[in-house]
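Below, each value reflects all heavy atoms present in this structure, side chains not excepted, and no hydrogens, waters or symmetry copies.
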Amino acid sequence: NQTTEKKENPPYPVYKISESEFHLPCSVCGRVSLILRMGIGSYKDSHSLKYLGITHSRDLDSKHAKKFFKFLSENNIKSAHEYFITKIDEYGFDSFCPACGKIYCSEHYGMKQYIEDGYYDYTEGTCPEGHTRILDD
């Protein structure tokens, strides 16, 4: 007995720039809000998977690229986000709202930074549908 899960396509699709670069646009305005691409790392001379989000950027181990690119080729942002949570960072994609399954830019995610004792603590976001979560810690 197989169940088929209905997939809703976001208003703006995942943009496949090349086999090794994907852009995820805001579901409200279409502004690119997350980029995953292969490139030379910022802190090492070898290829890395570059993550360019709305709160931060980082170099990831290139071993994750194949899995991310597979999910994104299928327009499956939710699975890519969940993979990020289990393999890289507990908060997942900073521009993705898991509650409504959409990508948002910094403007539409209603970001708020929290500072404690003069130092950055974390960033919280509230999507247009009212879902609030920590985007970066």
Side-chain angles (χ1 to χ4, degrees):
N1 186 9
Q2 277 188 335
T3 353
T4 53
E5 184 180 315
K6 182 183 175 189
K7 287 186 183 179
E8 289 187 30
N9 292 328
Y12 294 95
V14 172
Y15 298 125
K16 182 177 182 178
I17 306 305
S18 71
E19 292 298 321
S20 60
E21 182 171 352
F22 288 80
H23 293 188
L24 283 67
C26 175
S27 64
V28 176
C29 67
R31 182 180 338 158
V32 173
S33 303
L34 176 61
I35 296 173
L36 285 167
R37 70 171 173 233
M38 291 301 297
I40 300 296
S42 302
Y43 303 103
K44 55 185 180 177
D45 290 334
S46 62
H47 272 76
S48 323
L49 177 59
K50 310 217 31 102
Y51 171 94
L52 307 160
I54 58 174
T55 63
H56 65 281
S57 297
R58 65 199 308 184
D59 293 336
L60 307 174
D61 192 313
S62 60
K63 71 181 181 184
H64 300 293
K66 184 176 180 179
K67 197 73 160 170
F68 279 124
F69 295 160
K70 178 188 179 300
F71 288 135
L72 296 177
S73 289
E74 297 166 350
N75 208 32
N76 191 343
I77 300 167
K78 181 180 178 188
S79 291
H81 170 77
E82 289 169 354
Y83 179 81
F84 198 94
I85 288 172
T86 58
K87 300 293 184 182
I88 297 164
D89 185 297
E90 67 181 301
Y91 298 104
F93 291 160
D94 58 0
S95 56
F96 182 70
C97 177
C100 58
K102 296 177 182 174
I103 292 285
Y104 297 105
C105 65
S106 56
E107 180 183 336
H108 289 109
Y109 219 142
M111 297 184 346
K112 181 177 179 184
Q113 284 189 350
Y114 290 85
I115 307 295
E116 188 174 311
D117 298 327
Y119 295 97
Y120 172 79
D121 192 17
Y122 65 97
T123 299
E124 187 178 83
T126 302
C127 80
E129 295 186 30
H131 307 122
T132 298
R133 75 179 192 97
I134 293 176
L135 305 178
D136 180 50
D137 188 10

Inset, instruction - Output all residues satisfying side chain to side chain donor-acceptor pair (under 3.5 Å) with E90, sequence neighbours left out; order by chain, then residue number. - result: none
Inset, instruction - Check whether M38 and I88 end up in the same hydrophobic cluster, where Ile, Leu, Val, Met, Phe, Trp and Tyr are linked by side-chain heavy atoms less than 4.5 Å apart. - result: yes
Legend entry - Identified side chain to side chain contact (heavy atoms under 4.5 Å, CB included) counterpart of Y122 within the set I134, L135, T55, I115: I134
Legend entry - Smallest separation among heavy atoms of F93 and I77, with atom names: CE1-O, 4.2 Å
Legend entry - Sub-4.5 Å side-chain heavy-atom contact between K67 and K87: no
Inset, instruction - Specify the closest pair of heavy atoms between S33 and I103, including all atoms of both residues, with the distance to one decimal. - result: CB-CG2, 3.8 Å
Inset, instruction - Answer whether the closest heavy-atom distance between the side chains of M111 and I54 falls below 4.5 Å. - result: yes
Legend entry - Spacing of CG belonging to L34 relative to CG belonging to L52, to within rounding of 0.5 Å: 8.0 Å
Legend entry - Residues that H64 engages under ring pair (Phe, Tyr, Trp, His ring centres under 6.0 Å), provided they are two or more places apart: Y83
Legend entry - Contact summary for E19 and F69, nearest pair of heavy atoms: O-CD1, 3.5 Å
Legend entry - Shortest non-hydrogen contact between C97 and Y104, atoms and distance: CB-CE1, 3.8 Å
Inset, instruction - Flag the pair I17 / F22 as yes when at least one side-chain heavy-atom distance between them is below 4.5 Å, and no otherwise. - result: no
Inset, instruction - Decide yes or no for Y109 and C127: does some side-chain heavy atom of the first lie under 4.5 Å from some side-chain heavy atom of the second? - result: yes
Legend entry - For the student: nearest non-hydrogen atoms of S106 and R31, plus distance: OG-NH1, 4.3 Å
Legend entry - Pairs meeting criterion salt bridge (Lys or Arg N to Asp or Glu O under 4.0 Å) with involvement of residues 117-134, two or more places apart: K102-E129
Inset, instruction - Answer yes if the ring centres of F96 and F84 are under 6.0 angstrom apart, and no otherwise. - result: no
Legend entry - Polar side chain donor-acceptor pair, D136 to Y120, under 3.5 angstrom: yes
Legend entry - Those residues that, when tested against K66, pass salt bridge (Lys or Arg N to Asp or Glu O under 4.0 Å) (two or more places apart): none
Inset, instruction - Side-chain contact test, heavy atoms from C-beta onward, threshold under 4.5 Å: evaluate it for L24 versus L72 and give yes or no. - result: yes
Inset, instruction - Please round to the nearest 0.5 Å and tell me the distance separating atom CG of D94 and atom NE2 of H81. - result: 10.0 Å
Inset, instruction - Verify side chain to side chain contact (heavy atoms under 4.5 Å, CB included) between T123 and H56, making sure each step is shown before the conclusion. - result: CA-CA 10 Å; T123 299; H56 65 281; over 6 Å; no
Inset, instruction - Please report the shortest heavy-atom distance between C29 and C105, naming the atom on each side. - result: SG-SG, 3.9 Å
Legend entry - With H108 via side chain to side chain donor-acceptor pair (under 3.5 Å) - residues at least two apart: none
Inset, instruction - Quick one: list whatever passes ring pair (Phe, Tyr, Trp, His ring centres under 6.0 Å) with F71, sequence neighbours left out. - result: none
Legend entry - Close side-chain approach of K50 and D59, heavy atoms under 4.5 Å: yes
